[in-house]
Asks: 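Let me give you the structure first, and then I'll get to my questions.
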Amino acid sequence: MREQMEERGMGVAPGLESELVSIPATPRGVSTPETVTPTGLRSPRPPGGASVAGAGAAGSNSAKSWTPTPAMISPRFLSPSISSAVGTPMKRVLVNLRGYLEEVGHLTKLNPQDAWLPITESRNGNAHYAAFHNLNAGIGFQALLLPVAFAFLGWSWGIVALTIAYIWQLYTLWILVKLHEAMPGRRYNRYVELAQAAFGERLGVWLALFPTVYLSAGTATALILIGGETMKMFFQIVCGPLCSSNPLSTVEWYLVFTILCIVLSQLPNLNSIAGLSLIGAVTAITYATMAWLLSVSQERPPSISYQPMASPSFGAAAFSILNALGIIAFAFRGHNLALEIQATMPSTFKHPAHVPMWRGAKVAYLLIAMCLFPIAIGGFWAYGDLMPAGGMLNALYAFHSHDIPRGLLATTFLLVVFNCLSSFQIYSMPVFDSFEAGYTSRTNRPCSVWVRSGFRVFYGFISFFIGVALPFLSSLAGLLGGLTLPVTFAYPCFMWIRIKKPERFSFNWYLNWSLGIMGIAFSLAFSMGGVWSMVNSGLKLKFFKPN
């Protein structure tokens, strides 16, 4: 290694040969530093004070424009107050060694701007964080709508569709985890970046940017509506007949929930909300289990039927089925966050990030299956074709508000509020990342606390105003599922073909082409079904319809 470094003009400081031999590439569990070494790119970080001056005195011209970071310490270690204590010759040796390892592909070269952005600011994630984030993103209010889909599909087709969708999305999740580091020395930290690598710079943005942003922002807006409505219902259940004669209106409850979301969104990056994701995962599993257990433990309504809901015409029946399949597809939204979650983990040639990511994802999606299948099957068994359009919580309140103890029912609604607050954070993080990426690319400096806070306050209130203007958004699960279906079911298959290039006419080639084409076709069909459902309902659907 010494001879190869000398051939590249990277001299070793006298007396440091023994340190160079003993330096590891990147220890396990330590994040890959965020600065870029002398491979052509420059870091936008401001000069490091005394350390940079010392490097200039030693004759390194490039040290004046970027802050070198050793491979075994974090960028924060090189702050001006600490970096002066580290000898400049030692830092030069470490940086030169890191540059060599990057050249041969043993370390990952990163965009220096990533050190300032919420998704990649911290890279100390692990398999536990991956499980928390995937659970928080994978279980939510959309699970409560699965019995509505079964009401249109019936037992057999409902279970078959849910099973196929689960296996399909699990396969595409595995593809995304593998493609995160498909190229040696390169990490695709965001869904749009991987789309650009697969489809080209411009086409990748056009294909991936709209559905991912629409899914993140649309889900966040729907969470405000559902969280506000649930808070209102929780208040009514707790107060009972003792409530004042002038309670808060629905819009005011939306505003209360939005303010809570904005307060929690001040956490700086994706790893910092791991605790919130854990709370969201636990509350989602708990209320999903309570919802179907409370439903099946009560006496079923009279005149219940398990036949698919009748429609006045063949066209109406077809569109209803497509909308139901779109609801099932929407239950598995969350792949737009898979690459971002994996980007929070350290990665080296010996210990790649896909290993802990896939370990955490497997645990998360096993628990997701244990929640989605019982709530779909148990909810349909309890209510059949009488299932309200709002889903399980609506059915619980409509049919059993007087049968279930008030405290137990209120606890279920409160858990939904906690889950919505947590889910809002993880689904908004890609939008926060986009805001700050635009700011840092123009100013060449990280966002201050006030700028970052301003972006998040602005986004929270924009979501609130959209929710107030479109109060039916929370009921458009079929349309949301159709428009965003390619992100989960189609694009990963095409990306695998474009990047991995499997042998033509092999099983892998046929499998991915077939799934990708079917995913696009289903997206168009489900979107039409969602639009038909919206128009047919007269834009009057709401998530809750209290008596």
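These numbers come from the heavy atoms of this one structure, side chains and all, not from hydrogens, waters or symmetry mates. Counting from 1, the numbers follow the sequence of the chain as shown.
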Asks: Ignoring hydrogens and geometry, is there a side-chain-to-backbone donor-acceptor pair from Thr172 to Gln169 under 3.5 Å?
Replies: yes

Asks: Quick one: which of Leu176, Val177, Leu179 gives a side-chain contact (heavy atoms from CB on, under 4.5 Å) with Gln342?
Replies: Val177

Asks: Do any N or O atoms from the side chain of Asn271 and from the backbone of Ser122 form a donor-acceptor pair under 3.5 angstrom?
Replies: yes

Asks: Under the salt bridge (charged side-chain N to carboxylate O under 4.0 Å, His left out) definition, can you give me all pairs with a residue in residues 213-222, not counting sequence neighbours?
Replies: none

Asks: Keeping Tyr427 on the side-chain end and Ala137 on the backbone end, is there a donor-acceptor pair under 3.5 Å?
Replies: yes

Asks: Measuring from atom CZ of Phe413 to atom CG of Leu408, what distance do you get when rounded to the nearest 0.5 angstrom?
Replies: 11.0 Å

Asks: What's the verdict on side chain to side chain contact (heavy atoms under 4.5 Å, CB included) for Ile159 and Phe150, showing C-alpha distance, side-chain angles and the deciding distance?
Replies: CA-CA 8 Å; Ile159 294 175; Phe150 274 51; 3.8 Å; yes

Asks: Check the pair Asn189 / His180 against side chain to side chain contact (heavy atoms under 4.5 Å, CB included), numbers first and verdict last.
Replies: CA-CA 7 Å; Asn189 297 316; His180 179 84; 3.7 Å; yes

Asks: Kindly compute the distance separating CG (Leu225) from OG1 (Thr258), expressed to the nearest 0.5 Å.
Replies: 8.5 Å

Asks: Quick check: closest heavy atoms across Ser463 and Thr221, and the distance to 0.1 Å?
Replies: O-CG2, 3.5 Å

Asks: Using side-chain heavy atoms (C-beta onward) and a distance below 4.5 Å, is Phe461 in contact with Leu255?
Replies: yes

Asks: What heavy-atom pair brings Gly140 and Asn419 nearest, and what distance separates the two atoms?
Replies: CA-OD1, 3.7 Å

Asks: Do you know the tightest heavy-atom contact between Met183 and Tyr188?
Replies: CG-OH, 3.1 Å

Asks: Just checking, any donor-acceptor pair under 3.5 angstrom between side chains of Tyr171 and Asn512?
Replies: yes

Asks: Nearest heavy-atom pair of Gly516 and Ala490: which atoms, and what distance?
Replies: O-CB, 3.6 Å

Asks: Is there a side chain to side chain contact (heavy atoms under 4.5 Å, CB included) between Tyr129 and Leu270 once you walk through the steps?
Replies: CA-CA 10 Å; Tyr129 285 15; Leu270 189 55; over 6 Å; no

Asks: Please tell me if the side chains of Phe141 and Val416 come closer than 4.5 Å, counting only heavy atoms from C-beta onward.
Replies: no

Asks: To the closest 0.5 Å, what do you measure between CD1 (Ile426) and CG (Leu223)?
Replies: 11.5 Å

Asks: Measuring from atom CZ of Phe494 to atom CG of Leu207, what distance do you get when rounded to the nearest 0.5 angstrom?
Replies: 10.0 Å

Asks: Under the ring pair (Phe, Tyr, Trp, His ring centres under 6.0 Å) criterion, do Phe332 and Trp168 qualify, and how do the steps go?
Replies: CA-CA 10 Å; Phe332 295 106; Trp168 190 347; over 10 Å; no

Asks: Would you find a donor on one side and an acceptor on the other, under 3.5 Å apart, between the side chain of Ser453 and the backbone of Trp450?
Replies: no

Asks: Would you mind telling me which of Gln425, Glu436, Gln266 makes a side chain to side chain donor-acceptor pair (under 3.5 Å) with Arg456?
Replies: Glu436

Asks: Checking Asn136 side chain against Ser422 main chain: does a donor-acceptor pair fall under 3.5 Å?
Replies: yes

Asks: Check whether any side-chain heavy atom of Leu248 sits under 4.5 Å from a side-chain heavy atom of Lys232, and report yes or no.
Replies: no

Asks: Quick one: does Asp114's side chain get under 4.5 Å of Arg123's, heavy atoms only?
Replies: yes

Asks: Using the ring centroid of each side chain, check whether Phe489 and Phe522 are separated by less than 6.0 Å.
Replies: no

Asks: When you check the side-chain N and O atoms of Tyr214 and Thr484, is any donor under 3.5 Å from an acceptor?
Replies: no

Asks: Decide side chain to side chain contact (heavy atoms under 4.5 Å, CB included) for Met357 and Met345; before the verdict, give the C-alpha distance in whole Å, the side-chain angles of both, and the deciding distance to 0.1 Å.
Replies: CA-CA 8 Å; Met357 174 64 183; Met345 300 179 181; 4.0 Å; yes

Asks: Looking only at heavy atoms, which two atoms of Ile237 and Ala410 are closest? And how far apart?
Replies: CG2-CB, 3.8 Å

Asks: Going by heavy atoms in the side chains, are Trp253 and Met233 under 4.5 Å from each other?
Replies: no

Asks: Once you measure the plane-to-plane angle for Tyr166 and Tyr365, does it fall in the parallel (<30°), tilted (30-60°) or perpendicular (>60°) bin?
Replies: tilted

Asks: With no hydrogens and no angle check, is any side-chain donor or acceptor of Thr344 less than 3.5 Å from a backbone partner on Glu340?
Replies: no

Asks: Without hydrogens or angle criteria, can the side chains of Glu229 and Tyr254 be said to hold a donor-acceptor pair below 3.5 Å?
Replies: yes

Asks: What distance do Phe432 atom CZ and Ser216 atom OG have between them, rounded to the nearest 0.5 Å?
Replies: 10.5 Å

Asks: With side chains defined as the heavy atoms from C-beta onward, is the minimum distance between Leu337 and His133 less than 4.5 Å?
Replies: no

Asks: For Phe455, look at atom CZ and say whether over 12 heavy atoms of other residues, nucleotides or ligands are found less than 6.0 Å away.
Replies: yes

Asks: Can you give me the closest heavy-atom contact between Phe257 and Cys420, atom names plus distance?
Replies: CZ-CB, 3.5 Å

Asks: Would a 4.5 Å heavy-atom cut-off, applied to side chains only, mark Asn126 and Pro356 as touching?
Replies: no

Asks: With distance as the sole test, does Ser297 use its side chain to make a donor-acceptor pair with the main-chain N or O of Leu293 at under 3.5 Å?
Replies: yes

Asks: Nearest 0.5 Å, what's the OG-OH distance between Ser428 and Tyr459?
Replies: 3.5 Å

Asks: Flag the pair Phe373 / Leu146 as yes when at least one side-chain heavy-atom distance between them is below 4.5 Å, and no otherwise.
Replies: no

Asks: Would the distance check show the side chain of Thr219 and the main-chain N or O of Leu215 forming a donor-acceptor pair, the cut-off being under 3.5 Å?
Replies: yes

Asks: Arg190 pairs by side-chain contact (heavy atoms from CB on, under 4.5 Å) with which of Thr212, Leu339, Thr120?
Replies: Thr120

